[in-house]
Amino acid sequence: MTRTLVLAGGMCLLFILVGLACDTDQEASFTNDEDVEINWPSTDPNRYHWNGLTSPFFEGWFFRISVPGGGSYAFIYAVQNPGATASEPSGSHVVVFRDGGEIVEETFGVEHFAADRGRFDVTVNDNTAGANRLTGSLRDGDQLVTWNIEYEATEAWNETMGGLTNVPTLPVNWHVGALRGRATGEISWGGQTERFAGAPIFQDHNWGNYFPEGYVWMQSQEFPRRREAVALAGGDMGLEAGMFVWRRGNELIEVRAQDLDSRFTFTAVPETGVVTVDIQRGDTRYVVTGFWEDDIPATLPTPRPEGFQPFTKMALAGRMRVQELERLGGTWQLVDEVWSRGAGVEMGGHYGGFGQAN
């Protein structure tokens with residue numbers, strides 16, 4: 001949909017209330033509750049954010065690893081509605097999937113979830129994730145998947161949300177903890193083990209009430225140029241909005257709809273596995289196109305009002321094209337273009353063919 005760049009005051013307020021994400025800590029809405037361990041203050045946005053009161057609530061940590069010359073894998077550790085009543089959906093979850101659409105997942109009770117409110121330290125049953133390590137083991141019938149990985153985040157996107165930093169009660173928050181990173185370890189899947197050192201790893205983090213009706217996510221650091229990485233998330237929150245970051249050598253390009261100086265337009269065609277996000281800011285445009293290509297996307301569960309439901313499709317071995325254009329003499333001229341060797345490309349909600357747009 002099309003919106004003018006300068007929004008009316010009421011629409012600005014609407015956007016702030018329904019913005020996609022927030023990258024840093026929210027203030028605690030409680031100070032003393034002997035049933036909830038409190039570890040304040042914390043400046044780590046990857047910490048656990050549930051305040052002991054909010055419901056519905058979910059929180060999840062995501063990793064994507066691309067093994068050079070091998071496969072691409074992703075890991076999700078999540079909890080939903082830790083304070084739910086007996087009649088409300090709740091649980092903790094671990095999801096592991098790889099290129100080709102293969103997925104192994106397991107759901108546990110919320111009592112099997114533990115996380116630190118001061119730092120990144122998450123456990124779901126016997127599966128753990130933290131600032132430098134992730135380990136786990138899941139079995140789906142005869143299919144056993146195990147992983148033991150150490151990693152270093154070489155660059156975070158600390159200003160993921162910009163002006164919405166520290167705004168409480170957003171429906172969905174987003175923080176990119178590793179825009180660029182390197183991982184060493186091993187992943188065993190069905191008896192086959194891949195060992196790797198220096199593999200690209202991406203990590204991000206969401207928390208809030210539940211995911212929106214339609215959304216898109218893309219990410220890659222697998223570009224031919226040195227020190228290059230891209231991440232994008234956004235979608236339909238009553239109006240189309242998003243956040244985009246492009247690490248291009250020594251330059252960091254950041255565009256956020258909530259800065260009220262840009263316009264995001266999403267065009268997703270899940271039947272062909274192509275999604276395009278057109279971002280315009282003044283006389284500059286960035287056109288980011290994601291392709292599932294020959295990869296089979298995994299259908300993934302997503303926190304929704306009905307519970308943790310299949311609501312999105314993600315290809316781990318897709319590709320991205322990123323273009324920069326400038327308006328010169330009344331026409332748009334291409335000034336830079338780069339293709340990734342691999343990429344994670346996700347289309348969720350009505351962008352992915354789940355339900356219809358409003």
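Each residue takes its place number in the sequence, starting with 1.
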How many angstroms lie between OG1 in Thr312 and CZ in Arg304, if you round to the nearest 0.5 Å?
-> 11.0 Å

Under the ring pair (Phe, Tyr, Trp, His ring centres under 6.0 Å) rule, what do Tyr48 and Phe113 come out as? Steps first, then yes or no, please.
-> CA-CA 11 Å; Tyr48 183 36; Phe113 174 85; 5.2 Å; yes

Using only heavy-atom distances, determine whether the side chains of Ser66 and Arg64 contain a donor-acceptor pair under 3.5 Å.
-> yes

One should read off an interatomic distance between Trp332 CH2 and Glu326 CD, to the nearest 0.5 angstrom, of 9.0 Å

Checking side chain to side chain contact (heavy atoms under 4.5 Å, CB included) against Phe97, which of Val145, Val104, Ile76 comes through?
-> Ile76

Where do Trp339 and Phe291 land on the ring pair (Phe, Tyr, Trp, His ring centres under 6.0 Å) test, with the steps shown first?
-> CA-CA 11 Å; Trp339 283 82; Phe291 306 86; 5.4 Å; yes

Of the non-hydrogen atoms in Val110 and Ser90, which two are nearest, and what is the gap between them?
-> CG1-CB, 4.0 Å

Give a yes or no on whether Asp336 atom CG has more than 12 heavy-atom contacts from other residues, nucleotides or ligands under 6.0 Å away.
-> yes

Is there a donor-acceptor contact under 3.5 Å from the side chain of Glu88 to the main chain of Asn81?
-> no

Taking all atoms of both residues into account, what is the closest heavy-atom pair of Pro270 and Gly353, and its distance?
-> CG-N, 3.9 Å

Under the ring-ring contact (aromatic ring centres under 6.0 Å, His included) test, residues paired with Trp217 that sit two or more places apart | Phe62, Phe202

For atom CD1 of Ile296, is the number of surrounding heavy atoms from other residues, nucleotides or ligands below 6.0 Å larger than 12?
-> no

Derivation and outcome, side chain to side chain donor-acceptor pair (under 3.5 Å), residues Gln333 and Thr331 | CA-CA 6 Å; Gln333 303 291 324; Thr331 63; 2.8 Å; yes

In Å, rounded to the nearest 0.5 Å, how long is the span from CG of Asp278 to CZ of Phe266?
-> 10.5 Å

Not counting sequence neighbours, which residues clear side chain to side chain donor-acceptor pair (under 3.5 Å) with Gln203? List them please.
-> Asn46

Just wondering, do Ile149 and Ile187 contact through their side chains at under 4.5 Å, heavy atoms?
-> yes

Answer yes or no: is there a side-chain heavy-atom contact under 4.5 Å between Met320 and Val288?
-> yes

Heavy-atom closest contact (Arg281 atom, Ser262 atom, distance) | CB-CB, 4.0 Å

Report the relative orientation of the aromatic rings in His205 and Trp207; use parallel for angles under 30°, tilted for 30 to 60°, perpendicular for over 60°.
-> tilted

Check the angle between the aromatic planes of Trp157 and Trp174 and answer parallel, tilted or perpendicular using the 30° and 60° thresholds.
-> perpendicular

So Ser137 and Arg139, side chain to side chain donor-acceptor pair (under 3.5 Å) or not? Walk me through it.
-> CA-CA 7 Å; Ser137 175; Arg139 182 182 291 276; over 6 Å; no

Are Arg256 and Leu164 close enough that some pair of their side-chain heavy atoms sits under 4.5 Å apart?
-> no

Check Leu300 against Ile103 and note the closest heavy-atom contact, atom names and distance.
-> CD2-CD1, 3.5 Å

Can you say whether the rings of Phe120 and Phe63 are parallel (under 30°), tilted (30 to 60°) or perpendicular (over 60°)?
-> parallel

What residues form a side chain to side chain donor-acceptor pair (under 3.5 Å) with Asn209, not counting sequence neighbours?
-> none

pair Phe354-Glu213: side-chain heavy atoms closer than 4.5 Å = no

List in chain and number order the residues that pass side chain to side chain donor-acceptor pair (under 3.5 Å) with Thr272, two or more places apart in sequence or in another chain; answer none if no residue qualifies.
-> none

Report the relative orientation of the aromatic rings in Tyr77 and Trp147; use parallel for angles under 30°, tilted for 30 to 60°, perpendicular for over 60°.
-> perpendicular

Do Trp189 and Val96 come close enough that some side-chain heavy atom pair is under 4.5 Å?
-> yes

Which pair of heavy atoms, one from Gly273 and one from Met347, lies closest together, and at what distance?
-> C-CE, 3.7 Å

Hey, what's the ring geometry for Tyr286 with Phe244, parallel, tilted or perpendicular (30° and 60° as the breaks)?
-> tilted

Does a donor on one side chain sit under 3.5 Å from an acceptor on the other, for Thr193 and Ser188?
-> yes

Distance-minimising heavy-atom pair for Ala317 and Asp295 = N-OD2, 2.8 Å

When you look at Asn173 and His49, which way does the side chain to side chain donor-acceptor pair (under 3.5 Å) test go after all the steps?
-> CA-CA 10 Å; Asn173 300 271; His49 284 79; over 6 Å; no

So how far is it from His175 NE2 to Met161 CE, rounded to the nearest 0.5 Å?
-> 13.5 Å

Roughly how far apart are Arg182 CZ and Glu152 CD, rounded to 0.5 Å?
-> 10.0 Å

What pairs with Phe211 under ring-ring contact (aromatic ring centres under 6.0 Å, His included), at least two apart in sequence or on another chain?
-> Phe58, Tyr215

Please step through salt bridge (charged side-chain N to carboxylate O under 4.0 Å, His left out) for the pair Asp44 and Arg47, ending with a clear verdict.
-> CA-CA 6 Å; Asp44 184 355; Arg47 68 170 178 88; over 6 Å; no

Sub-3.5 Å donor-acceptor pair from the side chain of Arg341 to the main-chain atoms of Phe223, do we have one?
-> yes

Do Asp236 and Pro212 have side-chain heavy atoms sitting under 4.5 Å apart?
-> no

Whether over 12 other heavy atoms sit under 6.0 Å from Asn148 CG | yes

Identify, with sequence neighbours excluded, every residue that meets side chain to side chain contact (heavy atoms under 4.5 Å, CB included) alongside Ala229.
-> Leu179, Arg180, Gln221, Arg247

Find the distance between CG (Asn51) and CZ (Arg117) and round it off to the nearest 0.5 Å.
-> 8.5 Å

Between Phe308 and His93, what is the ring plane arrangement, given parallel below 30°, perpendicular above 60°, and tilted in between?
-> parallel

Count the heavy atoms of every other residue, nucleotide or ligand shown that sit under 6.0 Å from OH of Tyr210, and state whether that count exceeds 12.
-> no

So, Thr135 versus Thr128: side-chain donor-acceptor pair below 3.5 Å or not?
-> yes

Single-linkage hydrophobic cluster, 4.5 Å side-chain cutoff, Val338 and Val345 together = yes

So with a 6.0 Å cut-off around CD of Glu306, is the heavy-atom count from everything else above 12?
-> yes

Take Val277 and Leu232 through the test side-chain contact (heavy atoms from CB on, under 4.5 Å) and record every step on the way to the result.
-> CA-CA 9 Å; Val277 185; Leu232 180 151; 4.0 Å; yes

Please determine, by modelled atom types, if Gln323 and Glu337 share a side-chain donor-acceptor pair under 3.5 angstrom.
-> yes

Report yes if some heavy atom in the side chain of Val245 is under 4.5 Å from a heavy atom in the side chain of Val176; otherwise report no.
-> no

